Amino acid sequence: MRILLLGPPGGGKGTQSKFLMEKFNIPQISTGDMLRAHVKKNTELGKKAKEFMNKGELVTDSLILDMMEVRFKDNDCKNGYILDGFPRTFPQSEFLLTFLEQNKLSLDIIFDFKIDFRIVQERIMERSKLQKRSDDSIDVIKVRLDKYIQETYPVSQVFGSKFADKYKVIDASKQILEIQKELMKILKKVEN
């Protein structure tokens with residue numbers, strides 16, 4: 001199963017991808033988590049990424065694509081994966097579409113999480129208190145949401161038109177369990 005999760009930061013993609021990961025026994029591929037791991041380990045990629053992340057800016061496509069190319073080749077991706085936060089830009093979406101085509105793969109489902117940005121800001125500030133993430137300040141959130149509107153939202157529109165039969169809009173303002181039920185209802189139809 002290859003699942004793509006689209007939507008703004010703080011929209012609940014990470015929470016739901018962890019749920020789907022356990023249900024389907026496939027890895028979650030989160031560029032944000034991968035980058036934070038590199039930052040924590042203080043790798044070269046992490047040092048470069050940290051400069052962008054602390055300002056709320058998207059890490060350059062070249063860094064992300066290098067990282068994704070390696071990740072897609074890992075053994076745990078053979079039976080599928082959940083893409084969380086990738087692709088975020090047109091070059092990243094082109095990379096993904098080319099990768100799928102070259103490897104004769106396809107996406108099984110695309111979930112686009114829609115949510116009011118005021119709720120996103122509240123959620124992220126709450127998450128910031130709990131997880132102490134450096135990329136979760138109110139100023140950084142505003143930059144991230146602006147970037148989402150300018151760069152990532154247009155990407156979701158491309159996937160919505162290119163894969164109209166597999167593209168499902170999710171009301172991400174609902175409670176976590178309600179969203180999980182909705183995802184599973186849709187995924188049961190995909191599996192059959």
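Worth saying up front: this structure is predicted, and the values here are computed from it rather than measured. Values reported hereafter were calculated over all heavy atoms of this structure, with side chains retained and with hydrogens, waters and symmetry mates removed.
You'll find the side chain of V59 stays beyond 4.5 Å of the side chain of T31, heavy atoms only. Contact check for K18 versus D84: no side-chain heavy atoms found under the 4.5 Å cut-off. With a 4.5 Å cut-off on side-chain heavy atoms, L97 and K162 count as touching. Inter-residue side-chain proximity for L4 and K166 is flagged as unmet; no heavy-atom pair is nearer than 4.5 Å. Between F19 and I176, the closest side-chain pair of non-hydrogen atoms is not below 4.5 Å. Contact of the R2 side chain with the Y81 side chain is registered, since non-hydrogen atoms from C-beta on lie closer than 4.5 Å. Within the 4.5 Å cutoff, side-chain heavy atoms of E182 are placed close to those of K174. You'll find the side chain of I186 reaches within 4.5 Å of the side chain of I170, heavy atoms only.
Here N42 contributes atom CG and K40 contributes atom NZ; the two are 12.5 Å apart, rounded to the nearest 0.5 Å. Rounding to the nearest 0.5 Å gives a distance of 10.5 Å between OG1 of T60 and CD of E51. We find the OG1-CZ distance between T15 and R127 to be 8.0 Å, quoted to the nearest 0.5 Å. Atom CD of E44 is separated from atom CG of L63 by 11.0 Å, given to the nearest 0.5 angstrom. Rounding to the nearest 0.5 angstrom, the gap separating the CD atom in Q16 from the CE atom in M184 is 11.0 Å. With rounding to the nearest 0.5 angstrom, the CE atom of M68 is 7.0 Å from the CZ atom of F95.
Counted within 6.0 Å of CD on E191, heavy atoms from surrounding residues, nucleotides or ligands total more than 12; the atom is thus considered enclosed. Residue-environment remark: NZ (K48) stays at or below the threshold of 12 foreign heavy atoms within 6.0 Å. Atom CG of D74 has more than 12 neighbouring heavy atoms from other residues, nucleotides or ligands inside a 6.0 Å radius. In N79, the CG atom is not crowded: 12 or fewer heavy atoms of neighbouring residues, nucleotides or ligands sit closer than 6.0 Å. The local environment of NZ in K114 is crowded, with over 12 non-hydrogen atoms from other residues, nucleotides or ligands closer than 6.0 Å. Dense packing is recorded around CZ of F117, with more than 12 heavy atoms of other residues, nucleotides or ligands lying under 6.0 Å away.
Using cut-offs of 30° and 60° for the angle between ring planes, the F72 and F99 rings count as parallel.
Here the closest non-hydrogen pair linking K55 and V140 is C-CG2, 4.3 Å. Shown here for S93 and F159, the closest heavy-atom pair between the two residues is CB-CE1, 3.5 Å. The two residues I124 and P9 come nearest to each other via the heavy atoms CD1-O, 3.7 Å. Here the closest non-hydrogen pair linking P87 and L6 is O-CD2, 4.2 Å. Across every non-hydrogen atom of A49 and L35, the tightest pair is CB-CD2, 3.7 Å. When all heavy atoms of P91 and D61 are compared, the closest pair comes out as CG-OD2, 3.2 Å.
Judged by distance alone, with hydrogens and angles left aside, the side-chain atoms of K168 form no donor-acceptor pair with the main-chain N or O of I109 at under 3.5 Å. Between the side chain of Q92 and the backbone N or O of R88, at least one donor-acceptor pair lies under 3.5 Å.
The cluster map of Ile, Leu, Val, Met, Phe, Trp and Tyr, joined by side-chain heavy atoms under 4.5 Å apart, puts L83 and L20 in different clusters. Put simply, V39 and L45 are part of the same group of oily side chains (I, L, V, M, F, W, Y) that touch within less than 4.5 Å, one to the next. Residues L105 and L65 share a hydrophobic cluster, clusters being chains of Ile/Leu/Val/Met/Phe/Trp/Tyr side chains in contact below 4.5 Å. Under the 4.5 Å side-chain heavy-atom criterion for ILVMFWY residues, a single connected hydrophobic cluster contains both I64 and F52. Hydrophobic clustering, with ILVMFWY side chains joined whenever heavy atoms are under 4.5 angstrom apart, keeps V158 apart from L5.
For Y167 and F163, the ring centers sit 6.0 Å or farther from each other.
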Worksheet item: Hey, mind stepping through N75 and K78 against side chain to side chain contact (heavy atoms under 4.5 Å, CB included) and telling me if it holds?
Response: CA-CA 6 Å; N75 278 337; K78 282 189 170 58; 2.7 Å; yes

Worksheet item: Is there a side chain to side chain contact (heavy atoms under 4.5 Å, CB included) between D66 and V70 once you walk through the steps?
Response: CA-CA 7 Å; D66 288 348; V70 171; over 6 Å; no

Item to complete: Mind running side chain to side chain contact (heavy atoms under 4.5 Å, CB included) on H38 and K50 for me, showing each step along the way?
Response: CA-CA 9 Å; H38 278 280; K50 188 175 183 177; over 6 Å; no

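Using a 4.0 Å cut-off between charged nitrogen and carboxylate oxygen, R71 and D76 count as a salt-bridge pair.
Partner S17 forms a side chain to side chain contact (heavy atoms under 4.5 Å, CB included) with one of I82, I29, I26, D33 and no other, that one being I82. Partner of Y153 under the side chain to side chain donor-acceptor pair (under 3.5 Å) criterion, out of E151, Q157, Q150: Q157 alone.
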